[in-house]
There are 2 protein chains.
Amino acid sequence: MSGTPTFKRLPRAVREQQMLDAAVKVFSRRGYHAASMDEIAEDAGISKPMVYAYLGTKEELFVACLHREGTRMMQAIAGAAAPDLPADERLWRGLRAFFGFVGAHRDGWAVLYRQARGEQPFAGELAGMRARLVDIVAGMLDHALRAEGRGAGETDLEVVAYALVGASESLADWLADHPEADPEKTATRMMNVAWLGAGQLLAGATWRPGR
Amino acid sequence: MSGTPTFKRLPRAVREQQMLDAAVKVFSRRGYHAASMDEIAEDAGISKPMVYAYLGTKEELFVACLHREGTRMMQAIAGAAAPDLPADERLWRGLRAFFGFVGAHRDGWAVLYRQARGEQPFAGELAGMRARLVDIVAGMLDHALRAEGRGAGETDLEVVAYALVGASESLADWLADHPEADPEKTATRMMNVAWLGAGQLLAGATWRPGR
DNA sequence: GCGTAACCTTACGGGCGAGTAGGTATGCTC
DNA sequence: GAGCATACCTACTCGCCCGTAAGGTTACGC
């Protein structure tokens with residue numbers, strides 16, 4: 001009515017981030033398919049054609065979300081776990097960064113791990129990221145073993161790393177659903193399971209399948 | 001034309017199972033949304049209205065799949081892990097049953113854990129099942145500890161159980177994608193991580209967060 | 001052999017939401 | 001203050017797919 005120039009014009013880079021914020025939020029709440037481009041646009045305080053103009057089709061938009069959140073997470077972890085630290089310290093800092101990220105970006109986590117996993121077009125992208133994580137963890141374990149003068153079979157290392165990453169994801173999932181939970185404490189618990197368990201195992205101990 | 005009585009009329013119970021088989025297969029391949037009722041019907045060798053007549057709407061159909069596969073899995077595990085066995089043997093048999101199931105029902109697993117997790121209407125159902133699993137595992141750990149005259153905090157037990165279940169799911173996921181992998185071997189590896197790691201931890205050992 | 005119930009089909013309605021056409025306004029440069 | 005690029009909008013098309021209406025056919029009881 002009275003002009004209503006309340007909504008300012010903003011440069012592209014800013015709008016793009018707003019759109020991504022909104023997209024992550026809506027994708028996380030509704031799921032990939034149930035999320036409508038209209039709702040995302042509305043939530044971003046913009047109209048639909050702008051979204052198409054800047055970020056492209058719905059699939060491309062989701063990939064963009066995936067990329068941003070995934071990169072953020074990987075950077076948080078890699079930045080914390082400097083390679084020149086002792087292995088246990090690296091693992092500990094990595095875990096703390098990981099759970100810290102999840103605690104602070106629950107929406108992003110939900111998009112990454114609850115949505116992307118189910119939809120074929122994106123599952124590959126996610127699998128790649130997880131593979132990198134597994135490699136990092138396997139590297140830490142390997143490093144720790146060599147420091148003690150031991151070695152382990154490649155496959156075993158990778159499988160153990162896989163299990164550890166899976167356990168972390170599971171706890172992260174739990175964390176994302178419990179706003180009152182403390183990321184730091186969760187990280188500590190995971191660290192205990194990981195370090196003591198994997199250490200024991202790779203040190204040579206074995207549970208015997210035959211009775 | 002020439003009669004074509006190739007397709008026989010079948011009693012309801014049989015058709016329902018065929019439909020569920022087809023549904024699980026298609027849901028697993030395409031994902032919940034991308035799966036079309038037409039494709040499911042065609043795959044079941046029947047026409048669409050029959051599916052609606054017998055199993056109801058798409059959502060109800062998916063719930064039916066979830067229920068069948070979930071029940072099968074829980075029965076496989078519960079049946080193997082008899083409560084009167086020693087704790088480590090219970091855990092071992094449970095894990096073997098679990099990975100055996102996943103190896104034999106990769107489609108069902110994909111439906112259960114890759115699809116249901118992402119879609120709000122079904123996430124709750126799945127969470128309930130996982131919670132039951134966590135309780136079972138926590139019970140095993142508790143039992144094992146008491147047998148050694150120890151005890152552990154309730155929360156710690158549950159969190160550790162959660163991590164173990166998560167690790168198992170992760171390995172199961174990996175198994176589902178690797179047809180050549182051996183379920184038995186995977187179970188053995190998981191058993192090693194679980195028993196040695198959790199045992200160590202709950203026995204009182206701790207990794208110290210402060211340096 | 002005739003009713004009736006269960007099995008099964010073809011063919012359509014209708015909604016929802018992805019993506020677009022075409023036009024308006026705002027700021028920036030000279 | 002003319003010209004131009006960029007930010008932004010309203011309002012539409014159109015295809016896909018869930019769900020159903022209405023009718024055909026086989027088996028079985030009596």
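A note on names: the letters A, B, ... follow the listed sequences, proteins ahead of strands, and every chain is numbered from 1. Values in this document were obtained by computation on a predicted structure and should not be read as measured data.
- With distances taken from any side-chain atom of A:Y52 to the nucleotides D:dC9, C:dT20, D:dC18, the minimum falls on C:dT20.
- Between A:D142 and A:R146, at least one side-chain nitrogen of the basic residue sits less than 4.0 Å from a carboxylate oxygen of the acidic one, meeting the salt-bridge criterion.
- Contact annotation: the side chain of A:P179 approaches that of A:R106 to within less than 4.5 Å [non-hydrogen atoms, C-beta and beyond].
- No side-chain donor-acceptor contact under 3.5 Å links A:E89 to the backbone of A:P86.
- At a threshold of 4.0 angstrom between heavy atoms, the contacts of A:M50 include nucleobase atoms, whether or not backbone atoms are also involved.
- Picking from D:dT20, C:dA18, D:dC17 the nucleotide with the shortest atom distance to the side chain of B:D38 gives D:dC17.
- Rounded to whole Å, atom P of C:dG19 lies 11 Å from atom CD1 of A:I40.
- Here B:D21 pairs with B:R68 in a salt bridge; the nearest charged N to carboxylate O distance falls below 4.0 Å.
- Across all strands shown, A:S36 has heavy atoms under 4.0 Å from sugar-phosphate atoms exclusively, and none from any base.
- Side-chain contact check for B:I40 versus B:F27: some heavy-atom pair is nearer than 4.5 Å.
- If you check the side chains of B:E119 and B:H33, you find a donor sitting under 3.5 Å from an acceptor.
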Pairs under 3.5 angstrom, nitrogen or oxygen only, protein versus nucleotides 21-25 of chain D, please.
residue: D:dT25; atom: O2; partner: B:R9; partner atom: NH1; Å: 3.3
residue: D:dT25; atom: O2; partner: B:R9; partner atom: NH2; Å: 3.3

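- Note: NE2 (A:H33) to C1' (D:dC17) measures 13 Å, nearest angstrom.
- Residue B:R15 places at least one side-chain N or O closer than 4.0 Å to OP1 or OP2 of C:dC8.
- Side chains of A:Q18 and A:R15: a donor on one and an acceptor on the other come within 3.5 Å.
- Where B:L10 and A:A34 each meet DNA chain C at their nearest nucleotide, the meeting point lying more 5' is that of B:L10.
- Checked against a 6.0 Å centroid threshold, the rings of A:F99 and A:W109 do not count as neighbours.
- In the set D:dC9, C:dC8, C:dA18, the nucleotide with an atom closest to the side chain of A:M37 is C:dA18.
- To the nearest angstrom, P of D:dT6 lies 14 Å from CD of A:E16.
- In this entry the distance linking NZ of B:K48 with P of C:dG13 reads 14 Å, nearest Å.
- Residues meeting the side-chain hydrogen bond (donor to acceptor under 3.5 Å, both in side chains) test with A:Y113, sequence neighbours left out: A:E169.
- Counting any heavy atom pair closer than 4.0 Å across all strands shown, A:A35 reaches sugar-phosphate atoms only and no base atom.
- Note: CZ (B:R12) to C1' (C:dA5) measures 13 Å, nearest angstrom.
- Between B:I46 atom CD1 and C:dA6 atom P there is a gap of 17 Å when expressed in whole angstrom units.
- For A:E42 and D:dC8, the CD to C1' distance is 16 Å, given to the nearest whole Å.
- Residues from residues 54-67 of chain A lying near DNA chain C, meaning a heavy-atom separation below 4.0 Å, are A:T57, A:K58 in numerical order.
- Contact check on B:K48 versus B:D38 returns a salt bridge, with a Lys/Arg side-chain nitrogen under 4.0 Å from an Asp/Glu carboxylate oxygen.
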